[in-house]
Amino acid sequence: MNVAHQVESIKLMRQRNSFRLAVILLLLVLCVLSFLFSVGMGSLKITIPEVIEAIVNKTETTNRQIIWNIRLPRTIVAGLVGICLSLSGGILQGVMKNPLASPSIIGVSSGAGIAATIILVLLPKHYYLIIPCAFLGSLAATLLIYALAWKGGIKPMRMVLAGVAVSSFLSAWINALMVFFPNRVHGVIDFMVGGLAARSWKHFSLLWPYALVGLVLVSILANKLNVLALGDEIATNLGVNVERMRLVLVALASLLAASAVSVVGMLGFVGLIVPHTVRLIIGSDYRYLLPASTIFGATLVMFCDTVARIAMDPIEVPVGIIMAMLGAPFFLYLLKGGLTRDVKS
């Protein structure tokens with residue numbers, strides 16, 4: 001069997017719904033295992049049977065107190081962050097038709113970051129405003145990127161380049177705030193790196209409504225992304241208002257990214273790695289790509305956070321560092337593999 005025939009066979013396999021569903025089921029199993037691994041690992045190692053017993057059994061034990069008060073909320077928050085960033089990245093890659101698009105690379109996360117940093121540095125007593133302000137910041141950054149990239153219409157590569165420029169500009173202002181208010185730098189540094197230390201049920205309460213809204217809207221709009229992938233002219237002929245749909249999808253991506261950034265900080269590369277990896281496995285049908293990205297995103301962030309906790313125990317490494325160690329080589333792989341060669345400016 002020659003190479004061309006093997007490639008064609010793989011493409012045909014990826015188009016089978018049964019194969020896609022099997023992949024999603026496998027990802028679900030991995031997600032559950034990652035969840036149990038995350039809850040069980042730490043300074044005190046708890047076996048999987050003991051984890052399940054502590055979750056199900058209401059008897060107050062040391063294991064139950066550790067799991068319910070410390071590890072369980074942190075693990076669930078990690079999963080929700082993975083869901084939000086993965087969906088945001090999948091939407092942006094679909095809208096921009098570019099595998100390098102992600103909230104952290106094109107400036108969406110930076111917009112959320114500058115707004116959240118202003119709250120942390122200038123208005124620390126109003127912590128509850130972080131998520132709505134982060135959303136407004138990411139949406140403002142997105143609209144600015146959209147305006148800068150507009151030239152008789154939107155071209156994906158122009159939008160990516162405008163996003164990189166806006167991201168650099170906003171990052172400069174974040175650094176300026178850190179210089180002008182050095183006595184409040186510690187919290188901002190943790191935010192810039194991205195970490196899940198001390199995340200609790202309070203953070204879960206802040207995040208889950210946004211993740212739920214994002215999941216519902218994505219399930220409704222997934223087919224619109226499939227139509228947009230056919231090209232602007234075909235999408236228009238099929239009755240889709242292309243520019244309005246792009247704005248709606250980018251606003252949704254901004255909301256998802258902002259909610260995650262406001263809770264965990266500037267956690268990068270999740271929105272880049274997850275959707276692209278899933279796309280390589282099951283193809284570009286967003287009815288399957290986005291649900292699979294949701295599961296894989298939760299799995300990856302939970303697993304990386306566990307590694308961050310135990311790698312240098314008792315010292316905890318911020319999960320953002322672990323993600324950067326994974327994401328930077330993956331980014332170079334995308335460039336080396338020529339996966340953006342066919343993107344037109």
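Hydrogens, waters and symmetry mates play no part in the numbers below; they use all other heavy atoms, side chains included.
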J.: From Leu87 CG over to Leu289 CG, what is the distance, rounded to the nearest 0.5 angstrom?
T.: 9.5 Å
J.: Tell me, do Leu221 and Lys224 make a side-chain contact under 4.5 Å, heavy atoms counted?
T.: yes
J.: Would you indicate whether Phe35, at its atom CZ, is surrounded by more than 12 heavy atoms from other residues, nucleotides or ligands within a distance under 6.0 Å?
T.: yes
J.: Decide yes or no on side chain to side chain contact (heavy atoms under 4.5 Å, CB included) for Val39 and Ile46, but give the supporting numbers first.
T.: CA-CA 8 Å; Val39 174; Ile46 304 173; over 6 Å; no
J.: How long is the gap from CG on Asp305 to CG on Leu267, to the nearest 0.5 Å?
T.: 9.5 Å
J.: Minimum heavy-atom separation for Glu316 and Ala197, please, with both atom names.
T.: OE2-CB, 3.4 Å
J.: Work out which heavy atom in Ser88 is nearest to a heavy atom in Ala253; give both atom names and the distance.
T.: OG-O, 2.9 Å
J.: With no hydrogens and no angle check, is any side-chain donor or acceptor of Asn237 less than 3.5 Å from a backbone partner on Glu233?
T.: yes
J.: Does the Ser138 side chain pair with the main chain of Ser254, one donor and one acceptor, at a distance under 3.5 Å?
T.: yes
J.: List for me each residue that meets salt bridge (Lys or Arg N to Asp or Glu O under 4.0 Å) alongside Glu60, sequence neighbours excluded, and say none if there are none.
T.: Arg64
J.: Closer than 3.5 angstrom, by distance alone: can the side chain of Arg199 be matched with the main-chain N or O of Gly195 as a donor-acceptor pair?
T.: yes
J.: Consider only side-chain N and O atoms of Glu50 and Thr47, and report whether a donor and an acceptor are under 3.5 Å apart.
T.: yes
J.: Roughly how far, to the nearest 0.5 Å, is CG of Leu196 from OG of Ser38?
T.: 9.0 Å
J.: Does atom CH2 of Trp201 have more than 12 heavy-atom neighbours, drawn from other residues, nucleotides or ligands, at distances under 6.0 Å?
T.: yes
J.: Hey, is the main chain of Val216 close enough, under 3.5 Å, to the side chain of Ser219 for a donor-acceptor pair?
T.: yes
J.: Rounded at 0.5 Å granularity, tell me how far OG in Ser293 sits from CD1 in Ile273.
T.: 12.5 Å
J.: Are any non-hydrogen side-chain atoms of Leu143 and Leu247 less than 4.5 angstrom apart?
T.: yes
J.: Find the distance between OG1 (Thr306) and CZ (Arg74) and round it off to the nearest 0.5 Å.
T.: 8.5 Å
J.: Measuring from atom CG of Leu300 to atom CD1 of Ile295, what distance do you get when rounded to the nearest 0.5 angstrom?
T.: 13.5 Å
J.: Taking side chain as C-beta onward, heavy atoms only, is Ser86 less than 4.5 Å from Val270?
T.: yes
J.: For Ile282, which of Val278, Leu280, Asp285 qualifies under side chain to side chain contact (heavy atoms under 4.5 Å, CB included)?
T.: Val278
J.: For a quick test of reading the model, state the closest non-hydrogen atom pair linking Ala260 to Leu207 and the distance between them.
T.: N-CD1, 4.1 Å
J.: Please name the pair of heavy atoms, one in Val317 and one in Met312, separated by the smallest distance, quoted to 0.1 Å.
T.: CG2-SD, 3.8 Å
J.: Return the minimal non-hydrogen interatomic distance between Ser167 and Ser110, and the atom names on each side.
T.: OG-OG, 2.9 Å
J.: Of all heavy-atom pairs between Ala257 and Leu85, which one has the smallest distance, and what is that distance?
T.: CA-CD2, 4.2 Å
J.: Under a 3.5 Å threshold, yes or no: a donor from one side chain and an acceptor from the other, between Ser34 and Thr299?
T.: no
J.: Evaluate side chain to side chain contact (heavy atoms under 4.5 Å, CB included) for Val250 paired with Ile145, printing each intermediate quantity in order.
T.: CA-CA 11 Å; Val250 170; Ile145 294 164; over 6 Å; no
